[in-house]
Amino acid sequence: MNKKTISLLLIVLAFSCLACQENEKAFDYTSLPLRNVTFEKGFWSQYAGQNAKVTVPYCVERCTKSGCLHNFQLAAGQISGDYLSDNTWLDSDMYKALEAAFYSMMKYPNEKLLQETDSIVDTIIKAQEKDGYLYTARTTHATHPRVMKFMGEERWTNMGHFSHELYNMGHMIEAAIAHYELTGNNRFLNVAIKAADLIVTTFGEGKLTYPPGHQEIELALIKLYKLTNNPSYLEMAYYFLEARGKYSERLPYTDEFFKEYHQDHLPVSEQREAVGHAVRAVYMYAAMADIVTLTNNEKYKLALDSIWSDVMEKKIYITSGIGNQQLGEAFGLPYHLDNLHAYTETCAAIGLVYWAERMFAFDQDSKYYDVIERATYNGILSGISQDGTHFYYKNPLESKGNKKRTEWNSCACCPPNLARYVASMGSRVYGVKGDRLYVNMYAENQADMEVNGANVHLLQETDYPWEGDVRLTINPDKKQTFSLCLRIPGWCLNQPLPGTLYRVYEQDKTNERPNVWVNGEEIDYQIEKGYIRINRKWAKGDVIRLELFMQPQRIASHFAVLQNENCAALTYGPFVYCAEEIDNVTDWDKLELSLSEPFSCHSITTGFSIVPKMPVLSQNDELKLIPYFLWANRDTCKMKVWIPVRKECHN
């Protein structure tokens, strides 16, 4: 046994002891369960409603027609034929669509969809091999050359490349947990447990020692640990993380590019910069953050803080899109944020939110929700059309007029991922830690929670994200003292995103502090980590009113972002804006904005089902901009986020 193996074995043994004991330092922040939040009207009611009625059923249907269901039926022995697809990750598309359906039906019951998904679950159960293995490409003996090459001759033999065995099983486990949470039935959950037990007996010291090719199983195993309290799942997730950067010589790649592509160039605790495939990376960082919240792993926290800073300071677009390099769908060079060729995959923005949520769990700093909010309203929602059935894989910040959303993608990871993101949106609004209730996002809703021993019903009334007035009515079942923490978004404190990569032009900075009233009485306050903390004994009917000032703000990039030199972007509240040629038909190539002339905000009727009126920013009728997430909905045309500034205005 070599020194590297002994070292890793000692780490795993130490972690095993830690995981089996109650960790007094573990963090106890909890997001409010999805069932506890109801969007009844407003922006998210419309989006979640259409997602439930249109997008989720559409994704399930497309997965059944694209070959996903065929492959499961083939593996289950229900039909004959050959594996359909040249992709090894096709199983995961169905799993994500199912997860979206299960979360969606928690708030929007759909008997027809439930019967359909239950039938698919029955087929998946039959497709699982006796020992727990579930990977339809191998079970069906796929003959497509590309699939055969990627999956390898035997189980687990091409892990470092594109077999996606553990990736697929990870999404299966997450879908099974969602099914259990919806139905209370454990028949799908048993499939997940059986697969997880196989993984535990297959990988580890003295067994297979290399890490997964595409991170995802780590997140799933941690979720399964939280549900079952089986420490072996947490230990396995930790082992997969610890194996990175230590066994690359056993994997089928030797090129340094591929080591970074898989984040396998260094042990994870020694990594300090975001590199490689962006989706793989943020899924891994999210799992590392989970380990921090569960075990207070200081080395992981140090690594994550450094990587987070690297992304925020050098590698994130103003839309919170990440993955600026086409080659490898990867994090590229610092400050190289090309707009026309930005990759900015929808899944990467979603993964960034998963990472930020978990960072917030161990450090309740609103900067993480600033990223979550910016990503949600821009880098993620831009990935879906207003009709709910067309999608972007890439979300560039400029287009020559040749970018059109598709009904489905040949690599269809993004549509069902986006559907499950919207379906789970309610879980991002509130959180509780001890005697503190965190209001993290503003949206019209009703919610129920327990805070410091009191059951609290909370009513939030607001036209956010379009307007900044918020009214909160607090109804505890008994008078109780606790702290209500109101998030103050960075955009209303002249901070577009955390870090120094973007700044508000001086003339657009606001000096207006948010106003807060409790039962009609204005209060003074301090902002700590982006939150106003109001501690008092709350009684039924207490009302908080929060006023956030929204105004158009012109944004400049760090001088090192050469692609944005002498350009500005426009934001309004949480939204990034863009110009489309359809609104600016004269001299598109000479389009420019003034830094001295003000912008006005008004609405135009669009006919969209979700956003019937489009808020427009305009400057002297010479320049019109719309919210970035709405681009390419009316027509396919040229678009840009960063607008050249008039030469006489450069400063």
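Here the structure is a predicted model, which means the values were calculated and not measured. Side-chain atoms are counted along with the backbone in the values below, which use heavy atoms only and exclude waters and symmetry mates.
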Under 3.5 Å donor-acceptor, R405 side chain and S382 backbone
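Indeed, once roles are kept as given, a pair shorter than 3.5 Å links the two residues.
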Side-chain donor/acceptor of T88 to backbone N/O of F162, under 3.5 Å:
yes
Flag if over 12 foreign heavy atoms under 6.0 Å of OH, Y180:
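Atom OH in Y180 is not packed in, count stays at 12 or less.
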Hey, mind stepping through F391 and T346 against side chain to side chain contact (heavy atoms under 4.5 Å, CB included) and telling me if it holds?
CA-CA 9 Å; F391 307 91; T346 302; over 6 Å; no
Closest approach of [X] and [Y], non-hydrogen atoms and distance?
{"X": "A100", "Y": "A423", "result": "O-CB, 3.7 Å"}
{"X": "A76", "Y": "K126", "result": "CB-CB, 3.6 Å"}
{"X": "A220", "Y": "E174", "result": "CB-CG, 3.9 Å"}
{"X": "A97", "Y": "P416", "result": "N-CB, 3.6 Å"}
{"X": "T201", "Y": "K207", "result": "O-CD, 3.1 Å"}
{"X": "M236", "Y": "V200", "result": "SD-CA, 3.7 Å"}

Can you find a pair of side-chain heavy atoms, one from [X] and one from [Y], that are under 4.5 Å apart?
{"X": "E129", "Y": "R155", "result": "yes"}
{"X": "T136", "Y": "L74", "result": "no"}
{"X": "Y239", "Y": "E205", "result": "yes"}
{"X": "W89", "Y": "H214", "result": "no"}
{"X": "K112", "Y": "P57", "result": "no"}
{"X": "Y283", "Y": "E218", "result": "no"}
{"X": "R244", "Y": "Q215", "result": "yes"}

With sequence neighbours excluded, what pairs up with I222 under the side-chain contact (heavy atoms from CB on, under 4.5 Å) test?
K226, L234, A237, A287, D290, I291, L294
Could you tell me which residues satisfy side-chain contact (heavy atoms from CB on, under 4.5 Å) with H341, sequence neighbours excluded, listed by chain and number?
Q326, D338
Does the pair W631 and S399 meet the rule for a side chain to side chain contact (heavy atoms under 4.5 Å, CB included), with working shown?
CA-CA 10 Å; W631 80 280; S399 171; 3.7 Å; yes
What residues form a ring-ring contact (aromatic ring centres under 6.0 Å, His included) with [X], not counting sequence neighbours?
{"X": "Y83", "answer": "none"}
{"X": "F102", "answer": "H179"}
{"X": "Y300", "answer": "Y238"}

Is NZ or CZ of R420 both nearer than 6.0 Å to the six-membered ring centre of Y95 and within 45° of the ring axis?
no
Salt-bridge criterion met for R35 and D448 (N-O under 4.0 Å):
no
Side-chain ion pair, K96 and E216, N-O less than 4.0 Å:
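Judged by the 4.0 Å cut-off on N to carboxylate O distance, K96 and E216 do not form a salt bridge.
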Strictly under 6.0 Å, is that where the ring centroids of Y377 and Y47 end up?
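Ring-ring flag for Y377/Y47: false, centres at least 6.0 Å apart.
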Enumerate the residue pairs fulfilling ring pair (Phe, Tyr, Trp, His ring centres under 6.0 Å) with a member in residues 106-140, sequence neighbours excluded, ordered by first and then second residue.
Y133-W156
